[in-house]
Amino acid sequence: MIKINNLHANIEGKEILKGLTLEVKPGEIHAIMGPNGAGKSTLASILAGREEYEVTEGSVDFDGLDLLEMDTEDRARAGLFLAFQYPVEIPGVSNINFLRTAMNEIREHKGMDPISAKEFMAMVKEKSALVELDPKLASRSVNEGFSGGEKKRNEIFQMAMLEPKLAILDETDSGLDIDALRIVANGVNTLKSDKNATIVITHYKRLLDYIIPDFVHVLYDGRIVKSGTKELAIELEEKGYDWIKAELV
Amino acid sequence: MSYTEHELAKDLENQEYKFGFVSNIESDQIPKGLNEDVIRIISAKKEEPQWMLDFRLNAFRVWSEMTEPDWAHVHYQKPNFQDIVYYSAPKQTKKYESWDDVDPEMKETMKKLGISMEEQKRLTGVAVDFVMDSVSVATSFKSKLKELGIIFCSFSEAVQEYPELVQKYMGTVVPTSDNFYAALNSAVFTDGSFCYIPKGVRCPMELSTYFRINEGGTGQFERTLVVADEGSYVSYLEGCTAPMRDENQLHAAVVELVSLDNAEIKYSTVQNWYPGDKNGKGGIFNFVTKRGICETNAKISWTQVETGSAVTWKYPSCILKGDHSIGEFYSVAVTNNYQQADTGTKMIHLGRNTKSTIISKGISAGKSSNSYRGLVQIHKGAHNARNFSQCDSLLMTDECGAHTFPYIECKNSSAKIEHEATTSKIGEDQIFYCKQRGISEEKAIGLIVNGYCKEVLNQLPMEFAVEAQKLLTISLEGSVG
């Protein structure tokens, strides 16, 4: 699905990623954990195509495509989805109109006809139920006036609608209460199949109680310094990141 | 219904000003220049009655004494008024009796502009008056409207056929001496639209005038007069386009609205005059005076989407004379490249319990300058007057400018006036968010800008709203920096 090889990246001359390597196969859920400033969100931003970052070395292969050469929208159309840590508000643009535009762009890219209104609305109904998103929110402006939890659920709702191959959840658990966390996790788990994959970026083990990862990686100082299974997350929670730091010295 | 992405994609392929063509229609022109004789010629060509000629000559004398104002926040080379052709009409041997008589080239022009005059083929009810250069070419649905007592015709025809109405109302809202360009228009206007809705009649269809400049070297000076008699209602639309030329052409129109007791007029404009090229060469100078007067319990609502013209200078205004009358102004003004706009409104509260709402959305791109200028004036007798103003500016680049000049004059302590203003830059984050969902940058800008203007676009009749959405997207294509 995705092969990240020796990725180095700068922002404003400061090196954030220092040789990150990671491979995710279809059907897998990978969790990336790490302390503040380790480069977790930078990784998400670079994969999604934010232009502020400069990739100085390394490569990313996404399903046979050279991801780093692609425009942001083409990456999305090829099936890469980023659930934003801070979802953006777009006043005056209804969630539905936004999603329909996105969906039809992706369909057009695949040589498909635009989705019919009926089919689309049926899908909205089904998928919004999945994340227990109030159907009224679907017709409101994108994220405008949404609570923190609603914004995050809206991200997962969009993910459900767009059916990506690879979803990257950037700190989707931040700011969520337990109920919302359970709903979001339930959404992710339901959407899991052997054809798609998920990278869960998180600070805490909490989310991983609900979304069980196949692999857990510790990102520290721009590199993955430790990989393991979900037990690693438990160990991290107990010992804290200092344990990793101590181990590295 | 918002139009589909596919349609948008098609429009974007053709993103240059698409109404920039010139029709090869023979025209009847008089020589350049302006003096009393020219005015007499115009009047004679139109076979006008003496009172009309007198009105023009008086206006010309008033104009001759005036100097061109320069208080607007725009910079331009002042027109040489002796270098303009004041009358240019598509040549026609006779009055069109039916659609079949219309010059094929003219039909082609209308087709390119997307105007359908063939009544029997129209599905939606919009009656159109088509004004090209100095004259009205054709008006549709006239007879059907007549059954209801509604008069909808060219201004020239109204002068001939309904002189008492024209004489009663012309110049009552925008007096000849009002301003330099209104005086000029009063002297040399050549045509325009006239509309009268009788007492208690609700006009069943949208009335629309399409203004087109075709000839080079000409000015367009049209005049529109809409009178809604007591208890009546009308929704009126106007659209404007012009060919691409290196010269600056002058468009100085006057629009007068009269909304009598309990009447309502909704006036919508989609202005897309040629804005000049990327380097600011050419384009229309759009210097227009638009004003309406509301009697008791009457309402006037202006909606404008301004995307064209090199320089726009206009303030559709409401005089709220009658008690309980209502004035509204909804505006989207887009400027790109070197375009300049100084636009806004005046709400003059005279009557008691009068109410006005101003929603203005300015969008500046390129190196353009976009100003909102508005006046809210509460007179002594205007007890309990209310005003709400909201002026938002959206900047697309670092090189453009947005300015807000709100003036408030209040002489009655019971008035309640609210003013809100915001300035924002189009969010890189918003665009990135859209792109991450697979939406192209152009479409993302279209979505964001249309969302930003939604309150105004919602005021437009359906057909126009779709047109306006497209226009906004096309005008701003590739403009984020």
Side-chain angles (χ1 to χ4, degrees), chain A residues 44-45 47-52 70-110 113-115 117 140-144 151 154-155 158-159 161-164 167-168 170, chain B residues 1-10 12-13 330 332 359 361 363 390 392-394 420 422-460 465-466 468-470 472-473 480-481:
Chain A
S45 296
L47 294 179
R50 271 237 191 241
E51 280 163 14
E52 300 92 289
M70 296 164 76
D71 287 335
T72 299
E73 58 268 40
D74 288 328
R75 298 179 191 197
R77 292 167 188 165
L80 186 141
F81 181 93
L82 173 64
F84 284 62
Q85 184 176 4
Y86 303 108
V88 178
E89 299 184 4
I90 310 179
V93 178
S94 75
N95 233 343
I96 285 195
N97 185 19
F98 175 73
L99 261 176
R100 201 168 162 188
T101 305
M103 191 177 266
N104 283 336
E105 286 258 60
I106 294 169
R107 288 172 72 104
E108 194 183 325
H109 180 77
K110 293 180 181 159
D113 285 334
I115 189 166
R140 288 234 313 259
S141 296
V142 178
N143 293 324
E144 197 186 28
K151 282 184 184 173
N154 193 26
E155 292 292 291
Q158 292 183 27
M159 176 179 125
M161 290 292 288
L162 299 177
E163 300 173 332
I168 302 164
D170 187 8
Chain B
M1 220 34 243
S2 61
Y3 80 123
T4 66
E5 294 75 33
H6 184 65
E7 286 171 289
L8 178 65
K10 267 204 312 211
L12 287 174
E13 279 168 23
Y330 298 94
V332 173
I359 308 284
K361 305 272 181 179
I363 302 169
Q390 184 187 330
D392 297 328
S393 308
L394 186 66
E420 289 177 10
T422 66
T423 302
S424 49
K425 183 151 192 289
I426 189 159
E428 300 271 335
D429 285 347
Q430 289 176 328
I431 293 175
F432 181 74
Y433 191 68
C434 293
K435 283 164 84 170
Q436 209 301 307
R437 297 298 184 253
I439 301 170
S440 67
E441 177 152 334
E442 287 77 18
K443 243 178 254 184
I445 293 168
L447 269 178
I448 296 164
V449 166
N450 278 306
Y452 169 78
C453 302
K454 201 175 181 186
E455 283 164 281
V456 175
L457 298 178
N458 279 350
Q459 298 295 325
L460 290 172
V466 173
Q469 275 188 32
K470 291 189 213 172
L472 285 178
T473 307
V480 174

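Chain letters run A, B, ... following the sequence lines, proteins first, then strands; residues in each count from 1. Since the structure is predicted, the reported quantities are computational estimates derived from the model, not experimental observations.
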- Item | Phe98(A) portion near chain B, given a 4.5 angstrom heavy-atom threshold | both

- Could I get the full list of ring pair (Phe, Tyr, Trp, His ring centres under 6.0 Å) partners for Phe84(A), not counting sequence neighbours? Phe432(B), Tyr433(B)

- Task: Taking all heavy atoms of Ala76(A) and all of Gly438(B), pick out the closest pair and write down the distance.
- Result: CB-N, 3.3 Å

- Note on the structure: Among Ala78(A), Pro164(A), Ala48(A), the residue with the most heavy-atom pairs under 4.5 Å to chain B is Ala48(A)

- Query: Can you check whether Glu73(A)'s main-chain N or O pairs, donor with acceptor, with Arg437(B)'s side chain at less than 3.5 Å?
  - Reply: no

- Message: Between Gln436(B) (side chain only) and Ala83(A) (backbone N and O only), is there a donor and an acceptor less than 3.5 Å apart?
- Response: no

- Query: Would you say the side chain of Cys434(B) lies within less than 4.5 Å of the side chain of Ile90(A), judging by non-hydrogen atoms?
  - Reply: yes

- Item | chain A contact residues among residues 447-456 of chain B, heavy-atom distance under 4.5 Å | Leu447(B), Ile448(B), Gly451(B), Tyr452(B), Lys454(B)

- Message: Please classify the contact between Leu82(A) and chain B as side chain, backbone, both or neither, with a heavy-atom cut-off of under 4.5 Å.
- Response: both

- Under 4.5 Å to a heavy atom of chain B? For Glu89(A) that would be backbone

- Message: Quick check for you: among Thr72(A), Val93(A), Leu99(A), which has the greatest number of heavy-atom pairs under 4.5 Å with chain B?
- Response: Thr72(A)

- Separation between CD1 of Ile439(B) and CE of Met103(A), rounded to the nearest 0.5 Å: 11.5 Å

- Query: Would you call Arg50(A) and Asp429(B) a side-chain contact if the rule is heavy atoms closer than 4.5 Å?
  - Reply: yes

